[in-house]
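Notes for the one structure printed next.
The figures here come from the full heavy-atom set of this structure, side chains too, leaving out hydrogens, waters and symmetry mates.
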Amino acid sequence: MNKRAQGRTLQGVVVSNKMDKTIVVRVVRKVKHPLYGKIITRSNKLHAHDPNNLCNEGDEVIIEETRPISKTKSWNLVERIEK
């Protein structure tokens, strides 16, 4: 009954873990250029909540969209795939 609505999930690499309970995740996506048709890479850096400070730089993680936790944090760590 109390099942929450699940938000978007993304996969990325941890770029920074210097903050307490927060990681910065770089998410890369491939996009086709609208005019020239070439495939180019675009990336976003997202702040995610890491409650137990598990992740280190270079880890591959899955993050999930959630309610805003702070001014810049609105993603939650789901799992660490690879160290």
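Under the 4.5 angstrom side-chain criterion for Ile, Leu, Val, Met, Phe, Trp and Tyr, Ile69 has no cluster partners at all.
Distance check: Lys73 NZ to Asp50 CG gives 8.5 Å after rounding to the nearest 0.5 Å. Atom CG of Leu77 sits about 6.5 Å away from atom CG of Leu54, to the nearest 0.5 Å. Rounding to the nearest 0.5 Å gives a distance of 13.0 Å between NZ of Lys21 and OG of Ser70.
A donor-acceptor pair under 3.5 Å links the side-chain atoms of Asn17 to the main chain of Cys55, judged by distance alone.
A heavy-atom distance below 4.5 Å is found between the side chains of Glu57 and Lys18. Side-chain contact between Val14 and Asn56: absent, with no pair of heavy atoms (C-beta onward) separated by less than 4.5 Å.
Listed by chain and number, the residues in a side-chain contact (heavy atoms from CB on, under 4.5 Å) with Val13 amount to none (sequence neighbours excluded). The side-chain hydrogen bond (donor to acceptor under 3.5 Å, both in side chains) test applied to Asp20 returns Asn53, not counting sequence neighbours. Residues passing the salt bridge (Lys or Arg N to Asp or Glu O under 4.0 Å) test with Lys71, sequence neighbours excluded: none. A search for salt bridge (Lys or Arg N to Asp or Glu O under 4.0 Å) contacts involving Arg8 returns Glu65, not counting sequence neighbours. Listed by chain and residue number, Gln11 satisfy the side-chain hydrogen bond (donor to acceptor under 3.5 Å, both in side chains) test with Glu60 (two or more places apart in sequence, or in another chain).
The stretch residues 44-83 participates, sequence neighbours left out, in no ring pair (Phe, Tyr, Trp, His ring centres under 6.0 Å) pair at all.
Across all their heavy atoms, Ser74 and Pro68 have their closest contact at CB-CA, 4.0 Å.
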Solution key, residues 28-46 side-chain donor-acceptor pairs under 3.5 Å, sequence neighbours excluded:
from, atom 1, to, atom 2, distance (Å)
His33, ND1, Leu35, N, 3.1
His33, ND1, Tyr36, N, 3.1

